[in-house]
Every structure is written in structure tokens, then in C-alpha cells.
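Note on naming: letters A, B, ... go to the chains in the order of the sequence lines (proteins, then strands), and numbering restarts at 1 for each one.
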Number of protein chains: 2
Amino acid sequence: MKHVLIVEDEKKLADVLIAYLNQNQFKVTHFESGSDVVDWVKTNQPNIILLDLMLPDVNGKDLCKEIRQFSMVPIIMVTAMIDEIDRLIGLELGADDYVCKPFSPKEVVARVKAVLRRSEGGLNHGEVYDAFEVNDQTYTIKLHRDRLDLTPVEFRLLKMFLQSPGRVFNRDQILNNIFEDGRIVLDRTVDTHVKNLRHKLKTASPEHDYIRSVYGIGYSFEL
Amino acid sequence: MKHVLIVEDEKKLADVLIAYLNQNQFKVTHFESGSDVVDWVKTNQPNIILLDLMLPDVNGKDLCKEIRQFSMVPIIMVTAMIDEIDRLIGLELGADDYVCKPFSPKEVVARVKAVLRRSEGGLNHGEVYDAFEVNDQTYTIKLHRDRLDLTPVEFRLLKMFLQSPGRVFNRDQILNNIFEDGRIVLDRTVDTHVKNLRHKLKTASPEHDYIRSVYGIGYSFEL
DNA sequence: GTCCAAATTATAAATTCATTATTACAGTTT
DNA sequence: AAACTGTAATAATGAATTTATAATTTGGAC
């Protein structure tokens, strides 16, 4: 569960935010002033900080800078009606985003999620289907974390299967899916590629029989 | 020199931005529609993208998502007077910031700089990737503290690989990355440079096989 | 149900085709 | 001159397809 630290002196505002964040499965800690924040962050390491620029005791910008001295934790600035320059300075300080008051709590929650997603670098280079993981960037497919060593044709074949598990493809459909250009090859070619793919799948996962032959029609992939 | 891609159909607006960015030492490429953007980004890898949400042909949001499938390149959404929901969706899509029209070019330049600083400030302090250390000042790369004696082409090639370990580049992409100018050379040239680089890497670290040939596609670098 | 023939699929080996590695050399640049 | 880059030619490797043969499935006849 992600942990959000809110540093905000307006109690009402903070309470609304806390309610919304809690409803979105965030754990929230709230400070009404900035004095103890640095120490707390050092020991508790929240996943993200919502930081009000206008605090009673310390200056929000300085606090942001100070936190940046020792942590890359994402920080979203919360601030009342600032002019353009201030916005930019906020970002120059090393903040990751900002929201202006008045804001809707929904907006803030969305920003928090967006910044978290960004900072986690959770980049989806492909898709996950059950135990399979297709990565177009690296041209690899993993089965249970092990990389299958596939040829280009096998890669495209398996990817096609994974995208439509359970569907029965006839050989023409398979060939059309695998070759962008409309080259013509024999049906037996499909059999051979299926055989080779089966072999590689079996060595990676001996107990499982993924590719089903459908007599008179073609093949289907059963996850 | 940082390379900015602008995807914007209002030509006047784009021209102003281009002028400002050029004045700030940015290299700029401009697309007036979204249709060819994805392919271009794949081969040219800009440092940041300014993306208009309202394009004549494709939907800006979809384009953003599509780019996020294969690249972490920072994206700033540019958009006319959107309501709150649209903003949020923009960020949920994986965009890094947004600006609303009408905007001042100065603001945009500042945002670009801020986002670039942010996205670079992340993990790789300076330019250390695993056992490799890239120094742009001296045009050298160290492996395990030993300086590799690389030619300019080899330097850019290795740097490109290091910036996207695991990613499979085809030969066009490699050539576009290595030569800023659009000169055209043969695919076989890539093979030769890869061979030479492999040799130098091997003499520096005999046990390790860094560059993987991906049959039918190209090469990738495995740290 | 069992048996058989026809149709279909599986497999392995052989062949063709495509891609990559390597070498040598020529044109440039420094 | 020495180093770098690009090209061309050739060798080596790897993949795709075809071919040939064996194994399996199916449906009908008994």
C-alpha cells in the first residue's frame, strides 16, 4: 500500500484529501506544519509527498529543497493561486508536479497516481498474459521469467496465439497473421513452426501442453 | 544538443515555438499531423516531445499512449482550454506535464527545461550505467575504470546502447541515432561498427558478451 | 465395438533462402 | 603517415520452407 505524506496547515482541506486518498487505498500521514517533516521523511520514507508551499513555520520551497538533499521521493506542490513564475520555480526546485488551490480532491488523487506511476518507471513495453510476458522492445517472450529463445517467426506466432487464447486459427489465418507481406507458403510450413514452438514451450514448461491441434481446422492456444 | 519533437497542426504557433526553442539551443523537428510520428520517434529518439492533443488525423491521447508503449521519452501535452477531466486523462496517459493554450513561448521553454532536468536527474547520476561510465566532455567511455579507446562512431554507438539496454535496435534506427545528419549509408556498415565495438569490448572484458545479434531484427545490448 | 481406408497432422531430414560476420580495401580526415 | 569510416566481396551461420515418411484421427462398414 502506497504511503502519502500530506504537509498542509488548512485542516479542513487536509481532511478531505485524506478521506479521498484513503478511499483510493492510500495510507496517509498528515503534518500541519513543516518543522518535523524532514526527520519524519528520513525515517518513514513515504512513497509520495503532497507539500503546501504556504506553511506557518517553514517555507515550502526550502523544505522541498531540503528533502531533495537526501531523497528522490516524488513531491507534488500544493499552492494557492500562484503566478506563472512561481509555478516554474516549483518545478525547478525538484518538485514533480503541482496543483493550484482551489482544487478538487479527485484531481489531486489522479495526480498522485500519475506521478507515482511515472516515478516507478513502470513502463509497459509489452503485455502480460498469464505466465507469459511479451516484450516488443526486446523481441522476447518470457515464460515464468525465463526467456524463450524464439526465432522471428516463432515470436510472431506465439504473440498471435497469446493475443487470442482459445481461438482456433486455420493455417491460412496463421500465415496471414505471421507474414505482413502476402507471401505464399505451404500449409505444412505452419505445422513445422508449430512443432518447433511446441518443443521450445515444452522444454520451458514440460507439464503444460499449450498448443492444441484441432483436427480438420488448425490450432489453438490454451493458456 | 537536445532534440525536441513538436507535434502541432497550427503552423503559426509551431513556428513561434520553434524559434524560441532554437534560440535556447534546442534542435527541433516539427510534425503537422500525427500519422507518422510513432515511426519517427522509434528511429530518431528525441529527448522530449511537445504533443498537441487536438490533431487533424489522430487523437493525441492515443498517440501518447502508443508512444508510451515503447519509450519513456518525456511528453508535454499542449492543448487548448481543456477542462479538468482532460487534464487528468493527460497525466494518466503517462504524459509528464501539460500546458494550456494560449501560452507564452517562454513558459513552454521553461517547462521543457524543467521536465528534461527532472527526467535526467533520475537514477543515472551523470552517466554511469553498470560498469560503464560515459563522459561526454572527454568523449570517452570507461569499462571497469579502464578507458575504452573508441572512435567517434563507436562512442555514439555504445552510448546509444547503454541508454537503452535490452532494447533491440534495427539497423535503420542505429544509423539514425548515430548520425545526426541524415546521411545514408549501407546496413552492412552497422555490422562493421558493431564488430569493431565488440572486439574492443572483448579485449576490455573477455568473459562478457555484451552485444546480442537478433536475427532478422538487429542488435541489442545486454548489460 | 472393431477394423479399415482416407484424411489430417507430427516429425525429422534435406534444401533453399536470408542474415550476419569477417576480411580487405579505398576514400577521407587529422 | 596514421586513423577513421564506408563499401564490397566472401564466408559462415541460422532460419524458413519443402519434402518425405510416420503417426494419428475420423467416420463408415461390418
Among [options], which is the nearest nucleotide to the side chain of [X]?
| X | options | value |
| --- | --- | --- |
| Tyr215(B) | dT5(D), dT18(D), dA15(D) | dA15(D) |
| Phe179(B) | dG6(D), dT17(D), dA21(C) | dG6(D) |
| Asp191(B) | dA21(C), dC4(D), dT7(D) | dA21(C) |
| Val185(A) | dA15(D), dT17(D), dT23(C) | dT17(D) |
| Pro152(B) | dT19(D), dC4(D), dG6(D) | dC4(D) |

Checklist entry - Going by atom types only, do Thr29(B) and His3(B) share a side-chain donor-acceptor pair under 3.5 Å? => result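 On atom types as modelled, these side chains qualify, holding a pair under 3.5 Å.
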Checklist entry - Side chains of Asp172(B) and Thr43(B): do they bring a donor and an acceptor to under 3.5 Å? => result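 No, because no side-chain N or O of Asp172(B) sits under 3.5 Å from a partner of the opposite role on Thr43(B).
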Next on the checklist: Heavy-atom nearest nucleotide on DNA chain C for Ile217(A) versus Arg183(A): which residue maps closer to 5'?
Outcome noted: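 Looking at the nearest nucleotide for each, Ile217(A) comes out on the 5' side.
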Could you tell me whether the phosphate oxygens of [N], OP1 or OP2, come under 4.0 Å of any side-chain nitrogen or oxygen in [X]?
| X | N | result |
| --- | --- | --- |
| Arg198(A) | dA10(C) | yes |
| Lys195(A) | dT9(C) | no |
| Tyr219(B) | dA21(C) | yes |
| Thr192(B) | dA21(C) | no |
| His193(B) | dT5(D) | no |
| Ser213(A) | dA10(C) | yes |

Checklist entry - Hey, can you pull the residues of residues 156-178 of chain A with a non-hydrogen atom under 4.0 angstrom from DNA chain C? => result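 Heavy-atom cutoff 4.0 Å gives Arg171(A).
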Please report, rounded to the nearest Å, how far the [atom2] atom of [N] is from the [atom1] atom of [X].
| X | N | atom1 | atom2 | value |
| --- | --- | --- | --- | --- |
| Asn196(B) | dT22(C) | CG | P | 10 Å |
| Lys202(A) | dT11(C) | NZ | C1' | 13 Å |
| Arg212(B) | dT19(C) | CZ | P | 18 Å |
| Leu197(B) | dC4(D) | CG | C1' | 15 Å |
| Leu186(B) | dT7(D) | CG | P | 4 Å |
| Arg188(B) | dT20(C) | CZ | P | 7 Å |
| His199(A) | dA13(C) | NE2 | P | 12 Å |
| Glu154(B) | dA3(D) | CD | P | 13 Å |

Item to check | Glu8(B) side chain vs Glu10(B) backbone, donor-acceptor pair below 3.5 Å | outcome: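 Side chain of Glu8(B) to backbone of Glu10(B), a donor-acceptor pair under 3.5 Å: yes, one is there.
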Checklist entry - Is the backbone of Phe161(A) close enough, under 3.5 Å, to the side chain of Ser164(A) for a donor and an acceptor to pair up by distance? => result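 Between the backbone of Phe161(A) and the side chain of Ser164(A) there is no qualifying donor-acceptor contact (under 3.5 Å).
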Checklist entry - Would you call Asp15(B)-Lys11(B) a salt bridge at under 4.0 Å N-O? => result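 Yes, Asp15(B) and Lys11(B) are salt-bridged.
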Checklist entry - Is Arg198(A) salt-bridged to Asp209(A), cutoff N-O under 4.0 Å? => result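 Salt bridge: no.
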Item to check | Phe155(B) CZ: over 12 foreign heavy atoms closer than 6.0 Å | outcome: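 Result for CZ/Phe155(B): enclosed.
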Next on the checklist: Whether Arg167(B) engages the ring of Phe169(B) as a cation-pi pair (distance to the six-membered ring centre under 6.0 angstrom, angle to the ring normal within 45°) should be assessed.
Outcome noted: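 Yes; both conditions hold, so Arg167(B) lies above the ring face of Phe169(B).
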Checklist entry - Using a cut-off of 4.0 Å on non-hydrogen atoms, how would the nucleic acid contact of Val214(A) be classed: base, sugar-phosphate, or nothing? => result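 Sugar-phosphate contact only.
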Checklist entry - What nucleic acid atoms does Thr151(A) come within less than 4.0 Å of, heavy atoms only: base, sugar-phosphate, or nothing? => result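 Sugar-phosphate contact only.
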